[in-house]
Each structure stands twice: as structure tokens, then as C-alpha cells.
Amino acid sequence: MNERFDPARADSHWQKVWDEKQCFRADDASSKPRSYVLEMFPYPSGRIHIGHVRNYTMGDVLARYKRMRGFEVLHPMGWDAFGMPAENAAMEQGVHPGGWTRENIANMKAQLKRLGFALDWSRELATCEPDYYGHEQALFLDLYAAGLVYRKESAVNWDPIDQTVLANEQVIDGRGWRSGALVEKRKLSQWFLKITDFAEELLEGLDSLDKWPEKVRTMQENWIGKSQGLEFSFDLSNGDRLPVYTTRADTIFGASFVAVAADHPVAQRAAQGNVEAQAFIDLCKASGTTAAELETAEKLGFDTGLTAKHPFTGADLPVYIANFVLMEYGTGAIMAVPGHDQRDFDFATKYGLPIQRVIAASADDADRPFTGEAEAGDGICVNSGFLDGMSVDDAKAAVIAHAEAGGWGEGKTVWRLRDWGVSRQRYWGTPIPFIHCGTCGVVPVPKAQLPVVLPEDVDFSVPGNPLARHPTWKHVDCPACSKPAMRETDTLDTFVNSSWYFLRFASQPGDRPFDPAAIAKWLPVEQYIGGIEHAILHLLYARFWTRALARIGMIEIKEPFASLFTQGMVTHETYELEYLDPLTGEKSGKTTYLAPDEIERVGDKVYWRNLKNERVPVKIGRVIKMSKSKKNVVDPDEIVATYGADAIRWFMLSDSPPERDLPWSEAGIEGCGRFVQRLWRLFGQYDAAATGEDKALDRKRDQTIAAAAEDIEALGFNKAVARIYELTNTAEKAAPSASRSAAIRTLLLLVAPMMPHLAEEAWQAMGEGLVAEAAWPPFDPALLVEDEVTIAIQVNGKLRDTQTVAKGMDKAELEAIAVANNKVQAILSGAAPKKVIVVPDRLVNIVA
RNA sequence: GCGGGCGUGGUGGAAUUGGUAGACGCGCGGGAUUCAAAAUCCCGUUCCGCAAGGAGUGUGGGUUCGAUUCCCACCGCCCGCACCA
């Protein structure tokens with residue numbers, strides 16, 4: 001064996017061998033138990049970043065481990081290839097989105113290959129290719145036929161200069177990111193998927209997802225937002241009726257005003273002939289569209305002059321148009337109870353409206369003033385007529401019963417979840433397969449004519465949607481009446497692409513989206529791994545899409561991902577250089593960020609060399625998510641070139657628990673590189689002919705096998721790594737013996753999923769075949785149990801001594817040993833213990 | 001603003017889920033080897049204290065024989081908020 005392990009040679013050699021032997025191709029016909037391991041597929045931005053490396057390394061370790069445990073493993077990879085960055089590149093660099101995307105895919109695929117992932121590349125797919133999105137169009141038509149697709153008017157961010165719809169992230173302080181124009185809200189007729197039809201099942205289905213993180217289930221539950229409340233109508237002073245929805249019917253006696261959304265019909269009518277009202281509505285439209293912006297914005301309102309009759313007190317409540325009321329939720333109108341809702345409180349304070357207490361801790365507390373904020377908590381009703389003294393829950397029921405008996409309102413379930421708007425007024429997406437005909441209306445494209453292919457000849461030099469202004473593409477004959485008609489020029493949200501790709505991986509027939517038999521074999525995904533940022537949208541949409549396909553009988557499964565793991569981000573420290581004022585040479589207060597390869601480390605200080613080759617001190621900034629704008633990025637390719645694929649893979653798995661953030665460090669990756677070499681030297685000491693037994697080492701070996709398996713299955717890679725270090729330390733120090741050779745061989749198999757190149761190289765040197773085809777080492781359960789344990793001896797809960805005893809010693813014996821202990825005797829000084837607590841094999845606590 | 005999460009030595013973290021806090025890694029200090037360096041190996045490394053001993057898991061309270069773990073309040077940081085993926 002060579003002195004040093006040479007990753008540059010070994011990595012590419014073994015990657016070639018795995019490719020040639022098709023080691024990681026999933027066999028659909030296999031009789032082995034199956035395992036589908038999937039990581040969220042990447043957007044082909046151009047380069048793999050460290051976050052991808054972390055994500056795919058975790059999946060790879062699990063996939064390789066499962067193979068060693070005798071499973072037929074499906075571990076595929078593809079590309080989430082539609083989306084805005086390709087169009088931005090087209091506008092900024094004059095390249096075609098398709099060419100740009102495909103080139104990025106080629107580059108990133110080469111990068112992934114250099115990391116040695118055990119992927120089945122024969123199933124690779126890219127969502128931007130017609131043989132993917134054509135099937136998506138077919139599925140969309142199936143959902144349309146099932147009544148799950150419809151059109152309605154919906155507001156978008158409109159940039160009047162660029163003549164385009166902007167994504168929320170493209171709107172900065174109310175202005176278009178490129179044009180700087182004030183963004184307007186504009187209503188467009190758009191396509192929607194009826195996810196709300198599935199609200200109840202998506203909510204209930206969460207209970208069955210016991211291998212999902214609790215936090216993700218809670219977030220989805222809150223997102224779906226089932227609420228029970230009261231819907232009732234106010235009689236308005238102009239004779240109209242105004243329906244409102246409230247979840248706090250118990251606080252109805254505290255209602256001091258009524259508020260409607262800016263786009264509510266009542267607001268629209270109020271604006272007719274009223275310049276000020278119209279101005280206020282325009283102001284609301286000009287503000288941000290996101291929920292976060294609406295809720296953090298100052299509460300503003302406009303008094304319509306109308307009043308609403310309170311159903312119990314008969315009081316006339318003013319009706320406001322308010323910027324914090326959402327048209328999409330409930331009825332778009334609310335009864336406002338300032339005492340017990342913070343938004344209403346802020347509003348009432350600003351406009352001098354009454355704030356009445358109707359919930360208090362007790363009846364004595366009924367007139368306690370508020371201390372600057374609303375009290376949304378529990379209590380009993382006060383100042384509330386017939387509700388006085390009731391609990392919040394009882395009062396809710398009583399008001400609803402009263403309303404239903406009186407015929408002026410009813411109990412109602414309302415969902416926060418809204419239907420999914422899938423229309424995008426963009427080129428680089430799946431064309432929506434519909435045709436608009438002057439005679440027949442909206443007509444689906446016949447399936448035989450699919451795919452509706454994106455035209456390649458598009459022009460990004462002028463503003464607007466290139467698909468809509470393409471000279472010929474949209475002009476077609478109506479499939480129904482053959483008269484000239486127009487194609488739909490909206491494309492589908494890219495979340496649709498990622499809502500079924502995991503089904504397409506199981507089989508890729510040319511004539512249909514998937515083969516149900518293959519889905520029955522492989523799905524659900526046994527382990528899905530990706531970022532927490534997808535906790536709600538992607539994962540909820542994929543769940544919905546799966547259920548929708550199940551409902552129309554295309555597949556059997558209802559939940560796509562049996563187990564979910566959300567990994568943390570990769571972070572890095574930032575380097576901030578303060579600009580000096582060019583005139584005075586003084587610090588200017590402005591800073592710029594430096595990249596890791598622009599700085600120089602001396603001890604724990606960091607410097608930058610200026611043009612005169614002088615060292616300028618650099619401030620080490622916060623450790624944050626790697627991002628180009630902060631320049632705290634490292635390129636995986638450079639790391640692989642310097643340290644090898646195994647070192648970076650090992651770094652990704654070491655130290656930080658996978659669900660938490662992983663701080664990148666130069667020292668850390670160097671340590672990983674050293675460990676690869678250290679293992680190589682140890683593997684070189686393997687001696688098949690060694691004899692002699694080392695019982696302690698045998699025990700350590702088998703304990704490590706069992707623990708590492710448990711850790712990997714729970715995705716606790718950092719713990720598995722720590723165990724492997726321990727066994728390495730022990731094996732290195734042990735004298736040569738058959739046991740030591742067995743430990744070394746075991747160690748090689750344990751690291752095989754994590755450092756596959758090193759493992760192959762050493763396995764070959766030991767005269768074996770491919771470690772990619774090797775089995776996980778067996779262990780003897782009898783060896784796992786220690787026969788001696790060290791117990792703690794405490795007095796009043798404080799550790800005073802420890803003692804090694806036989807495992808399983810009974811309570812009386814342990815107590816006797818502890819009481820007789822010198823240190824215990826010294827503290828007791830003759831007194832008898834008040835109480836003794838004995839936990840066998842753990843501790844004895846003496847209460848003095 | 002609303003929803004979700006996290007907080008342990010210089011540093012990343014571990015702790016059979018209420019039972020010996022700091023496993024293992026990084027860094028640092030000392031030593032060996034070397035003409036020298038790199039690499040490698042050995043020893044040490046929570047804090048205060050010469051020691052005996054004491055303190056200690058973001059802060060403040062509580063429950064318990066015993067709390068990193070459970071409860072309450074607060075502080076700080078992170079993620080999501082429906083057209084980024």
C-alpha cells in the first residue's frame with residue numbers, strides 16, 4: 001500500500017468503476033426489500049453550493065447504508081429546471097433560458113459526479129424538457145376534468161414600466177427591482193388548483209406522518225388554519241347587509257367598529273363619487289401584498305360614514321375600510337373588538353374608538369383598564385349581557401346558538417388555506433394546455449396534441465411576457481370548432497413541477513406520466529431530505545398533488561413522503577473591511593465584504609493586503625448562511641480538488657447535528673483531510689494472518705457497529721462519526737491481534753457509506769471486491785452488554801464519589817455500598833440517612 | 001405582526017429523554033521525532049482555587065431526593081408568511 005491516499009487519482013478511478021458496473025442502478029424487478037431515498041432536487045443555478053453537498057451527502061450515506069443492509073435502493077437525481085433565474089439571465093446576459101439551463105445542468109452534474117454520489121443517473125430528469133412537462137400538462141388536464149382546476153380573478157404585482165408581473169421578492173419597498181417603478185396591484189384572470197377541497201384531509205393526514213418533524217407538522221397545521229367561528233350579517237345604515245366572520249363570537253359585546261378590506265364591495269361602493277375613499281383604496285393597493293408587510297404596516301383606515309347595527313346592543317358601529325383586513329380570509333369583513341385583538345387595539349387607539357373590556361380574569365376585574373395592549377387570552381365574559389360569567393368556550397357556543405335560533409348567523413368552519421394560484425405570466429415554465437376560443441370559451445388542448453411545446457425563438461430585449469407577444473405561437477385553431485383561437489400564454493408555477501417529480505422517478509414511460517405498478521413498488525419515498533425552508537409550500541403542494549391523483553384513481557398512495565428530514569444550513573463567518581475615506585484617510589463607517597480567499601490569517605487575527613501590499617485589519621463578522629452577497633462562500637470543487645471528495649463528505653457529516661446549521665471552517669476541513677490519511681494508515685496495518693484475541697476491542701467493535709447503524713438510520717450522522725473516531729482511537733492503540741484486524745476491517749465497512757473512495761481503495765488493497773457491493777458487518781448482541789458499570793454516589797443530589805460494581809446489582813447491596821462509602825460517612829458524620837434513592841446500574845442518592 | 005424553532009467550555013457539539021454535564025472533533029498549551037520544517041506520535045485543556053473545595057448548560061423564578069432535560073416569565077438569534085426555489 002502507498003504511504004498516502006491519493007484522492008485525485010482514487011476518486012475518479014472509483015467513480016468510473018461504479019459507472020461502468022452500473023452499481024447504483026435501481027432494479028425494478030428485484031426481489032429484495034425496497035428503499036426509496038430522495039433528496040430535494042436542485043434548481044440548476046450554475047454551480048453546486050455547499051448546502052447541496054450537505055443535503056446529498058446525507059442522502060448518499062443513507063442510500064449506501066441501505067444497500068449494505070440488503071435493500072434494493074432507488075436513489076435518483078433530477079433538475080428543478082424551470083424558473084425565474086433563467087429569464088433573468090436571458091435579460092441580463094442575452095442568453096437563451098434553455099441554453100443557459102442545460103449548460104448549468106451539465107456543469108452541476110459533473111460536480112455531483114466528482115462527489116461520488118451513489119445515484120441512479122439512468123432516471124435523471126429535467127422539468128424543462130417536453131418529455132417531463134408534457135406529462136405534467138396531461139395531469140393538469142386530468143385534474144381539470146375532475147373539477148379541481150378553475151379560473152378566477154386574482155391580484156398580482158404589476159410593474160407598469162417593465163409591463164410585467166413581479167414576484168414578491170422582486171418588489172422592494174413597493175417598487176419594481178429592475179425598473180424602480182411603483183408597483184400596482186392589478187387583477188388578472190388566472191388558473192387555480194382547488195387545494196381547499198383537500199383542506200380537511202391534508203390536515204388529518206398530518207396525524208399519519210409520525211416520521212415527520214413535529215415542527216413541520218405544526219407549521220402545516222397552522223398554515224391550513226382550521227377555525228370554528230360565527231358568520232353573521234350586520235344591517236348597514238344604507239339598508240345593505242354586511243356578512244362578517246369571527247372566531248371570537250364570545251367577545252361580540254366588545255365590538256366597537258366594523259372593518260372591511262380595501263377590495264371589498266362595500267369599500268368599492270363607498271369609493272364611488274368619494275375621492276377620499278378612492279384615494280385610501282389606492283393607497284392600500286400601492287402597499288405591499290405580502291402578509292408580513294400588511295401586518296407590520298401601520299394600521300390605517302377610512303371611515304365610510306356608514307354604520308352597522310350591533311345585533312345585541314343595537315348600537316351603531318362605524319364602518320371603516322382598513323388596510324389590515326384581508327379579502328381572501330373569511331368574508332373580507334370583520335367585527336373589531338379592540339380589547340381582545342391586538343390589531344383592532346392598535347387601530348382603535350389610532351382613531352380614538354372605544355376599547356371595551358368583555359373578557360376578564362374574574363367578575364371583580366370587569367372594569368380594569370388595559371395596559372397598552374389587547375388581552376387575547378382566556379377568561380370569563382364581563383360587560384356582556386347574558387354572557388356574563390361564562391367561559392370563553394361556553395360563550396362562543398351560546399352566541400352561535402343564539403344567532404342560529406334567531407336566524408341572523410351560523411356557526412361556520414373557515415380555513416386559512418387558500419386555493420393555489422398556478423398562473424405565471426412568464427416564458428420559462430410549463431405552458432398551460434388550454435385554448436381560448438371566441439365561440440367555445442376555454443377549451444382544453446386534446447391529449448393527443450400534447451405536449452404543448454415552448455417556442456425556442458423568443459425575444460427578451462423588450463419588456464413583458466415573450467410567450468404572449470410571440471408572433472405565431474399562440475395562434476391556433478380551436479380544437480372544438482376549428483375557428484381561429486388563442487393559446488393560453490400563462491405558464492405553471494414551478495411548484496407544480498416539484499409536486500410530482502418523485503413519481504416520475506419510479507418509472508418513465510413515454511406515453512404516460514408514470515406507471516402505477518412502479519409507483520406501487522417504490523412509493524412512498526422512505527426518506528425525503530431537504531431544507532426547512534420548504535416546510536410549508538413545496539411539501540404541502542406535493543402532498544396535495546399526490547392526494548389529488550389518488551382521488552382520481554391514478555395512484556394508490558395518499559402521502560408521498562413517509563419520513564421527512566429537514567437539514568440545517570451551511571454557514572461561514574464573514575469578513576468585513578472598513579473603507580477609509582479617500583481624502584482624510586479616516587474610517588468612513590462603510591464596509592465591504594471579503595471572500596475567504598481574499599483574507600490572510602495570523603493567529604486569531606485576519607488581514608487583507610491592499611494595493612501597496614500592506615496588511616489592513618479585517619473584522620471577523622457574524623457566522624451566517626453562505627451567500628454571494630456576503631461573499632462568505634466556498635466552492636465545493638476547490639475543496640474536492642484540494643482535499644478529495646471523501647474529506648468534504650466527512651466534514652458534512654461531522655460535528656453538527658444534521659438538522660442544525662453547520663459552520664464551515666478551514667481548520668475543520670483540514671482536520672477531515674488528516675483523518676482520511678489517518679484511516680488510510682490504519683487500514684494499511686490490516687493483517688489477515690494476525691492471531692490472538694482482544695476481548696475489550698471485540699466488544700468496542702460490536703458496540704460501534706450497533707450504535708453506528710442506529711445513528712445512521714436516525715440520520716444522526718454526527719453521532720455515528722463520533723463513534724467511528726472512538727473505535728479508530730481504540731484500534732490504533734491496540735496491540736496486533738486477530739481482534740485488531742477484525743476491528744480495522746469493520747472500521748472500513750462502517751466508513752464505506754461516508755468515504756466510499758477511500759473504502760474502495762483500501763478494500764481492494766485487502767484483496768476484496770467492490771465495497772459498494774459489500775454487506776454491513778454483523779455483530780454479536782451478547783457483546784454489547786457491559787458486565788461492570790460505574791455508579792454515581794450522591795449526597796443530596798451532589799456527586800461525592802463513583803464506584804464500579806457488577807451490572808445488575810440489587811438495590812439493597814447498592815445502598816449498603818453507598819452508605820459505607822468513606823466520603824458519605826464523612827458527610828453524614830454518624831447520622832442516619834433520611835432517605836436513600838437507588839437507581840440500579842446508575843446511582844445512589846442519599847438524602848441527609 | 002403572526003406561526004415555527006434554537007441557545008451547553010475558546011469553538012462544533014455529546015449526555016440510554018428526569019439520574020456521574022462536557023463523549024468525540026476543531027483549536028490551543030506542553031513534550032517526543034527532525035539539522036530545520038511539514039507530517040506523525042504522546043500528555044494536558046469548563047471556570048475560580050496552591051489545595052480541600054466551590055461554581056457552572058442564555059437570564060430570572062418554580063416543581064423534584066435529583067433539572068441541559070419538565071413548567072412560567074424574559075432576552076438573543078434563525079426559518080416561513082402563499083409569484084424565489
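Every chain is numbered from 1, with letters handed out A, B, ... down the list of sequences.
- Here Phe324(A) lies out of heavy-atom contact (under 4.0 Å) with every strand.
- The 5' end of RNA chain B is approached more closely, in terms of each residue's nearest nucleotide, by Arg800(A) than by the other of Asn845(A) and Arg800(A).
- OP1 or OP2 of rA55(B) sits under 4.0 Å from a side-chain N or O of Lys798(A).
- Cation-pi check for Arg217(A) over Trp212(A) is not met; the charged atom does not lie both under 6.0 angstrom from the ring centroid and within 45 degrees of its normal.
- With sequence neighbours excluded, the residues forming a ring-ring contact (aromatic ring centres under 6.0 Å, His included) with Phe192(A) are Tyr150(A), listed by chain and number.
- Contact of Arg426(A) with rC83(B) (side chain to base): a donor-acceptor pair of N or O atoms is detected under 3.5 Å.
- Going from the P atom of rC71(B) to that of rG76(B) covers 22 Å, rounded to whole Å.
- Distances were taken from every side-chain heavy atom of Asp655(A) (C-beta onward) to each of rG12(B), rC83(B), rU20(B); the shortest belongs to rG12(B).
- Rounded to a whole angstrom, the distance from the C1' atom of rC77(B) to that of rC70(B) is 24 Å.
- Of the candidates rC83(B), rU20(B), rC79(B), rC79(B) carries the atom nearest the Met219(A) side chain, counting heavy atoms from C-beta on.
- Looking at heavy-atom distances under 4.0 Å, Trp420(A) makes no contact with the nucleic acid at all.
- In this structure, Arg217(A) reaches neither bases nor backbone, as no heavy-atom distance under 4.0 Å exists between it and the strands shown.
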Check the interface with nucleotides 40-46 of chain B: list each N/O to N/O pair with the protein under 3.5 Å, or write none.
none

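- Taking 4.0 angstrom as the limit, Arg418(A) places none of its side-chain polar atoms (N or O) nearer than this to OP1 or OP2 of rA82(B).
- Ring pair Phe651(A)/Trp664(A) is tilted by interplanar angle, where 30° to 60° counts as tilted.
- Contact check, Ser665(A) against rC26(B): no side-chain N or O comes under 4.0 Å of OP1 or OP2.
- Residue contacts shown for Asn729(A) are limited to sugar-phosphate atoms, with no base heavy atom under 4.0 Å away.
- Using a 4.0 Å cut-off, no side-chain N or O of Lys719(A) falls inside it from OP1 or OP2 of rG13(B).
- Proximity of Leu202(A) to Trp223(A): side-chain heavy atoms (C-beta onward) are nowhere separated by under 4.5 Å.
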